[in-house]
Amino acid sequence: MRHPARSPVAYLFVLPAAIFFAAFYLYPAVMTLRYSVTDWDGYSPDIRFVGLSNFTRLFTTDIIFQQALGNTLRFMLVVVILQTFFSLMLALLLVRNTRGTIALRTLYFFPTILSSVSVGLIWLFIYDPYFGLINETLRRVGADGVQPNWLGNPAIALYALALTQVWFHVGQMMVIYVAGLQQIPAEVFEAASVDGAGTWDKFRRITWPLLLPTTVLVMAYTTMQSFRAFELVWSMTQGGPEGATEILATLIYKTGLLNFQIGMATAQSVIFMLLILSVFWIQRRAAALAVR
Amino acid sequence: MIARVGRWLFLGGFVAIIAAPVYIVIVSTVKDNAQLFTNPIGLPSPIVLSNYVRMLTESSIDTSFRNSVVVTAAAVVLTLLLASLASFGITRLTRVSGGLLFGLFILGLAVPAQVNIIPIFLQFKSLGLTNSLVGLIIINIASTLPISVFILTTFFRQLPPDMFESAVLDGAGYLRQYLSIALPLSRPALGATSIFLLVIVWNDLLYPLLLITEQSKWTLPRTLLGFQGEYLTDYTMIFTGVIIASMPMVIMYVLLQRFFIAGLTAGAVKG
């Protein structure tokens with residue numbers, strides 16, 4: 001322990017941030033738990049304790065909530081699968097540092113710096129059923145019969161949003177993969193080539209296992225982003241049509257701030273919180289098993 | 001040969017997927033609506049500047065722009081200050097107490113602040129911090145402190161202790177060490193964190209949506225969201241708003257590409 005003498009003065013350095021964090025992060029988090037066992041409407045002076053009845057109602061009779069829970073998970077799965085796959089493909093093709101690859105990486109990364117609203121508004125135009133870019137292109141190539149209402153059709157709207165989310169962040173994950181790939185020593189591949197291994201063999205036996213920690217990181221980050229997709233969904237569909245793109249974050253907003261069912265909304269928040277924590281726990285367990 | 005063609009097809013296809021929407025947005029801002037609908041892909045003829053003129057004269061985007069600058073500047077500077085102080089303090093505490101405090105902040109990484117929007121709204125309302133830029137600054141600081149403390153603490157822990165030794169022998173206290181050794185040495189980490197924060201705060205829609213109803217206090221993302229209802233399918237106007245709102249980040253991205261890419265993946269890579 002060669003560190004300079006420790007003294008309680010160090011606490012003073014942490015204090016301002018800790019106060020801030022306690023007042024505006026921990027306090028609301030605790031209040032979420034507290035309100036979730038009440039039927040408060042946000043106004044009445046007395047707050048009535050109702051036990052776990054909000055939770056039982058959500059899981060037994062609240063179809064809207066169950067749909068939002070399902071949508072949240074489906075959105076996460078689609079985004080994680082597509083974003084991990086495409087970012088890995090791009091990274092594998094752009095792993096070397098040449099002027100061309102750096103230019104392409106810079107371009108692919110670009111959407112990350114935009115706001116969710118900007119991305120949402122741009123994609124509203126792309127998906128527009130009448131004069132949108134996709135349907136316009138379909139018409140020009142002669143596929144007049146295929147004119148999907150991308151965001152208006154409940155069967156496909158959530159997947160359309162998932163594609164937008166992937167467009168938004170695939171470049172960011174590609175950069176993380178490139179960093180991971182560049183840490184694999186070139187000699188490993190050279191040795192494998194000498195042994196006569198083909199491209200696919202090298203990927204399967206060397207790249208993929210060595211890249212596993214990066215893949216875990218990319219998946220964790222992508223999952224977190226998918227849970228934070230409130231802004232994108234709100235700027236594009238606000239949960240519609242027919243609740244097809246309702247995710248937990250948008251439902252909590254509506255229940256609490258538009259319908260003033262504070263108790264119910266915070267119960268949904270608690271479930272959302274537990275969902276986030278358990279998904280991360282599962283990912284960590286899976287990572288630990290895979291690395292072993 | 002086939003592999004090479006496949007490679008360029010895949011990369012080229014992705015160039016089109018990323019660049020086409022961006023191109024459409026840019027050229028649409030100098031078209032009128034008739035041009036956009038009859039010729040969405042081609043270049044504008046003639047070039048029309050009326051969208052920009054209308055946007056700057058009849059909308060409140062200039063006010064929103066100012067609000068965004070104020071909120072972003074204040075939130076980024078204060079978060080960096082609070083987070084760097086806290087991170088330095090954490091590295092000067094014992095493993096147990098420093099670790100505990102660090103763990104507390106990390107909790108905020110696992111569960112994003114936006115899970116708790118309902119209590120946040122009620123709390124800010126009762127404190128009179130709704131419809132206030134100060135309120136926006138406060139909530140942005142609180143929600144970005146965890147990631148900032150995480151990045152900076154990780155960095156400070158890597159600074160070799162002997163760098164501080166001669167200063168300690170000279171009788172420098174913690175404040176001196178923080179100001180003249182820790183901060184100057186961690187310029188790369190501070191830079192990365194500030195870019196990360198800049199993009200997050202500038203682009204934030206959730207908190208103005210939650211806390212601000214008065215249009216004169218809106219920041220750019222909230223104003224853009226309003227355009228969707230105001231201009232409906234008048235995409236040339238909507239895109240003009242998107243361009244104005246994105247311009248500062250785009251200019252900085254073009255000038256500081258490498259730092260942006262490093263900064264925006266800092267939170268992930270250093271995990």
**Message:** Using the side chain to side chain contact (heavy atoms under 4.5 Å, CB included) definition, which of the options B/Leu209, B/Leu205, B/Asn203 pairs with A/Glu231?
**Reply:**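 The side chain to side chain contact (heavy atoms under 4.5 Å, CB included) with A/Glu231 is passed solely by B/Leu205 among B/Leu209, B/Leu205, B/Asn203.
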**Prompt:** Just one of B/Asp204, B/Val199, B/Leu198 clears the side chain to side chain contact (heavy atoms under 4.5 Å, CB included) bar with B/Thr72, so which one?
**Reply:**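 For B/Thr72, the side chain to side chain contact (heavy atoms under 4.5 Å, CB included) check succeeds only for B/Leu198.
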Using non-hydrogen atoms only, which part of [X] is less than 4.5 Å away from chain A: side chain, backbone, both, or neither?
X: B/Phe105; answer: both
X: B/Leu122; answer: side chain
X: B/Val25; answer: side chain
X: B/Leu225; answer: both
X: B/Ile138; answer: both
X: B/Val22; answer: side chain
X: B/Leu127; answer: side chain
X: B/Ile200; answer: neither
X: B/Ile17; answer: both

**Message:** Holding to salt bridge (Lys or Arg N to Asp or Glu O under 4.0 Å), I want the full list of residues that pass it with A/Arg140, two or more places apart in sequence or in another chain.
**Reply:**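 For A/Arg140 the salt bridge (Lys or Arg N to Asp or Glu O under 4.0 Å) partners, ignoring immediate neighbours, are A/Glu136.
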Which atoms of [X] are under 4.5 Å from chain B, going by heavy atoms: the side chain, the backbone, both sets, or neither?
X: A/Leu248; result: neither
X: A/Leu114; result: both
X: A/Leu107; result: both
X: A/Pro16; result: both
X: A/Leu104; result: side chain
X: A/Val270; result: neither
X: A/Tyr130; result: neither
X: A/Trp40; result: side chain

Tell me which of these, [options], has more heavy-atom pairs under 4.5 Å with chain A than the rest.
options: B/Leu220, B/Ile243, B/Leu145; value: B/Leu145
options: B/Ser87, B/Ser246, B/Pro112; value: B/Pro112
options: B/Val149, B/Leu104, B/Ile120; value: B/Leu104
options: B/Met252, B/Arg258, B/Gln114; value: B/Gln114
options: B/Val250, B/Val242, B/Leu107; value: B/Val242
options: B/Ile139, B/Leu36, B/Leu78; value: B/Leu36

Parallel, tilted or perpendicular, judged at 30° and 60°: which one describes the rings of [X] and [Y]?
X: B/Phe88; Y: A/Phe13; result: tilted
X: A/Trp167; Y: A/Trp123; result: perpendicular
X: A/Tyr108; Y: B/Phe14; result: perpendicular

Pick from [options] with the largest number of heavy-atom pairs that fall under 4.5 Å of chain B:
options: A/Thr112, A/Leu90, A/Thr199, A/Thr255; answer: A/Leu90
options: A/Leu121, A/Ile276, A/Asp128; answer: A/Leu121
options: A/Val9, A/Leu133, A/Val117, A/Leu15; answer: A/Val117
options: A/Ser269, A/Gly180, A/Ala17; answer: A/Ala17
options: A/Ser118, A/Gly256, A/Gly42; answer: A/Ser118
options: A/Phe280, A/Trp234, A/Tyr25, A/Tyr35; answer: A/Tyr25

**Asked** Has B/Arg92 got its NZ or CZ under 6.0 Å from the middle of the six-membered ring of A/Tyr11, at an angle within 45 degrees of the ring axis?
**Response**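 Judged by the rule, B/Arg92 and A/Tyr11 form no cation-pi pair.
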**Asked** Is any side-chain heavy atom of A/Thr164 closer than 4.5 Å to a side-chain heavy atom of A/Leu232?
**Response**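 Yes; the side chains approach each other to less than 4.5 Å.
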**Request:** Determine whether the aromatic ring centres of B/Phe239 and A/Phe125 lie less than 6.0 Å apart.
**Result:**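 Judged by ring-centre distance (under 6.0 Å), B/Phe239 and A/Phe125 do meet the cut-off.
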**Message:** Using ring centroids (six-membered ring only for Trp), state whether B/Tyr178 and B/Tyr174 fall under 6.0 Å.
**Reply:**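 Judged by ring-centre distance (under 6.0 Å), B/Tyr174 and B/Tyr178 do not meet the cut-off.
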**Asked** side-chain contact (heavy atoms from CB on, under 4.5 Å) between B/Gln123 and A/Met31: does it pass, once the steps are laid out?
**Response** CA-CA 9 Å; B/Gln123 180 190 18; A/Met31 292 315 272; over 6 Å; no
**Item:** side chain to side chain donor-acceptor pair (under 3.5 Å) between A/Thr266 and A/Ser36, worked out
**Value:** CA-CA 5 Å; A/Thr266 45; A/Ser36 71; 5.2 Å; no
**Request:** Check whether more than 12 heavy atoms from other residues, nucleotides or ligands sit under 6.0 Å from atom CZ of A/Arg228, and answer yes or no.
**Result:**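 Yes, because the 6.0 Å sphere around CZ of A/Arg228 holds more than 12 heavy atoms from other groups.
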**Request:** Verify the neighbour count for atom CZ of A/Arg284: are there more than 12 heavy atoms of other residues, nucleotides or ligands below 6.0 Å?
**Result:**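 Atom CZ in A/Arg284 is not crowded, with 12 or fewer foreign heavy atoms closer than 6.0 Å.
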**Item:** Distance, nearest 0.5 Å, that separates CD1 of A/Ile262 from CE of A/Met264
**Value:**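 With rounding to 0.5 Å, CD1 (A/Ile262) is 12.0 Å from CE (A/Met264).
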**Prompt:** Do A/Asn135 and A/Thr137 meet the criterion of a side-chain donor-acceptor pair at a distance under 3.5 Å?
**Reply:**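 On atom types as modelled, these side chains do not qualify, holding no pair under 3.5 Å.
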**Request:** Among residues two or more places apart or on two chains, list those pairs meeting side chain to side chain donor-acceptor pair (under 3.5 Å) that have a residue in residues 87-102 of chain A.
**Result:**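 Matches after skipping sequence neighbours: A/Asn97-A/Arg105, A/Asn97-A/Gln182, A/Thr98-A/Thr101.
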